[in-house]
Trainee: 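Take this structure first; my questions come after.
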Amino acid sequence: MIRNIIHYEHTGSTNEDAKRLALEGACEGTVVVADSQSAGKGRRGREWASSPGGNLYFTMLLRPQMPADKAPMLTLLMATAVVRAMEETMGKELQFYIKWPNDIVINGKKVCGILTEMTMDKNMIQSVVIGVGVNINSREFPEELKDMATSLLLESEQIDGNARLPEGRELLNSILNCFESSYDIFTKELDLRFIKDYYEANLANKGKSVKVLEPCGEYEGRALGINDDGELLVETKDGSVQAISSGEVSVRGIYGYV
Ligand code: BTN
């Protein structure tokens, strides 16, 4: 994949920039990175706090030739790449977990969010943009996020010997390297068998009680892991196993966010 990095000091949202560039014909491997965003977007219409000062905000443009129902797996692929890159740049003193499908958490608090958006034309994927926000140096969070959010800086201060903090650019390069090598395999295999063990080894919800929030109601169960398509397997109270796909459904811990 040819990598083309476009850097802005400030922008609205790197996801919006990447979608605009996609419409203008930009190729797969285009990456928009910004030092700050005024309209950073989170999942479910939320805002993503994007102040300047050494956090990482970027979006990668892909043009995958695959059925649209395979695209949600790209988000899990990116989550895995972020964890690998954090381990590569910071070592293994901190435990990085994935809260299915794609939040990265440390000590039960979110340090990275991923927002994937897909554009279709006549049933064909036109583009997929994957936006990643990593709190590297933040010390303060909006009031409503205080109990749920953290940064690599805050977490590394918690451990003896302070884990080394990566620069944004270093972390970005490492994430892109990890993502690109697994993307090559994924576009051939179209399932997640090749990263399933690693994903599950880092899955925060594994073996835990979870609450599944569906548009039409909610139920509790125990998360067993993922299947080859990246769906979360949840064993319900009657012993049956449900495969949950991301999208409209969200999963919470029984006693909190993870
Ligand atoms: C989430 O809600 O967990 C997803 C957050 C995604 C934030 C990133 S920051 C870079 C990119 N640009 C955006 O506007 N959003 C994503």
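Each ligand, and each atom within it, is numbered from 1 in the order the structure gives.
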Trainee: I'd like to know if Glu16 pairs up with Lys41 as an ion pair, taking the criterion as any Lys NZ or Arg NE/NH1/NH2 lying under 4.0 Å from an Asp or Glu carboxylate oxygen.
Mentor: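 Judged by the 4.0 Å cut-off on N to carboxylate O distance, Glu16 and Lys41 do form a salt bridge.
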
Trainee: Please classify the Asn102 to ligand 1 contact at 4.0 Å (heavy-atom distances, strictly less than): side chain, backbone, both or neither.
Mentor: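 Answer for Asn102: neither.
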
Trainee: Going through the distances and angles, do Val241 and Thr236 end up as a side-chain contact (heavy atoms from CB on, under 4.5 Å)?
Mentor: CA-CA 6 Å; Val241 176; Thr236 58; over 6 Å; no

Trainee: Which atoms of ligand 1 are found less than 4.0 Å from any heavy atom of Lys41?
Mentor: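 The atoms of ligand 1 under 4.0 Å from a heavy atom of Lys41 are 5 (C), 6 (C), 7 (C), 13 (C), 14 (O), 15 (N), 16 (C).
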
Trainee: What protein heavy atom is closest to atom 5 (C) of ligand 1, reported as residue, atom name and distance in Å?
Mentor: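 Result for atom 5 (C) of ligand 1: Trp48 CE3, 3.3 Å.
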
Trainee: Is the closest N or O pair between Gln37 and ligand 1 shorter than 3.5 Å?
Mentor: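 N/O-N/O distance below 3.5 Å exists for this pair.
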
Trainee: Using a strict 4.0 Å cut-off to heavy atoms of Gly42, name the atoms of ligand 1 that fall inside it.
Mentor: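 Here the atoms of ligand 1 in question are 1 (C), 2 (O), 4 (C), 5 (C).
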
Trainee: Hey, is Arg164 close enough to Glu170 for a salt bridge, meaning N to O under 4.0 Å?
Mentor: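 Salt bridge flag = yes for Glu170 with Arg164.
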
Trainee: Salt bridge or not for Glu220 and Lys237, using N-O below 4.0 Å?
Mentor: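 The answer is yes: the pair qualifies as a salt bridge.
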
Trainee: May I ask you to say whether Glu157 pairs ionically with Arg139, meaning some side-chain N is under 4.0 Å from a carboxylate O?
Mentor: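 Yes, this pair counts.
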
Trainee: Within the 4.0 Å heavy-atom shell around Gly40, which atoms of ligand 1 are there?
Mentor: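 What qualifies from ligand 1 is 14 (O).
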
Trainee: Identify, by atom number and element, the atoms of ligand 1 in contact range of Thr14, meaning under 4.0 Å from any of its heavy atoms.
Mentor: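 Those of ligand 1 that fall under 4.0 Å from Thr14 are 10 (C), 11 (C), 12 (N).
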
Trainee: For atom 2 (O) of ligand 1, grab the closest protein heavy atom and report residue, atom and distance to one decimal in Å.
Mentor: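 Looking at atom 2 (O) of ligand 1, the protein heavy atom closest to it is Arg43 N, 2.7 Å.
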
Trainee: Do Glu189 and Arg193 meet the salt-bridge criterion of a basic N to acidic O distance under 4.0 Å?
Mentor: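 Result for this pair is no, no salt bridge flagged.
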
Trainee: Can you check salt bridge (charged side-chain N to carboxylate O under 4.0 Å, His left out) on Lys146 and Glu140, steps first, answer last?
Mentor: CA-CA 8 Å; Lys146 263 189 185 144; Glu140 315 262 311; over 6 Å; no

Trainee: Does Lys110 reach ligand 1 with a nitrogen or oxygen that is under 3.5 Å from one of the ligand's nitrogen or oxygen atoms?
Mentor: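 Yes, there is a polar N/O contact under 3.5 Å.
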
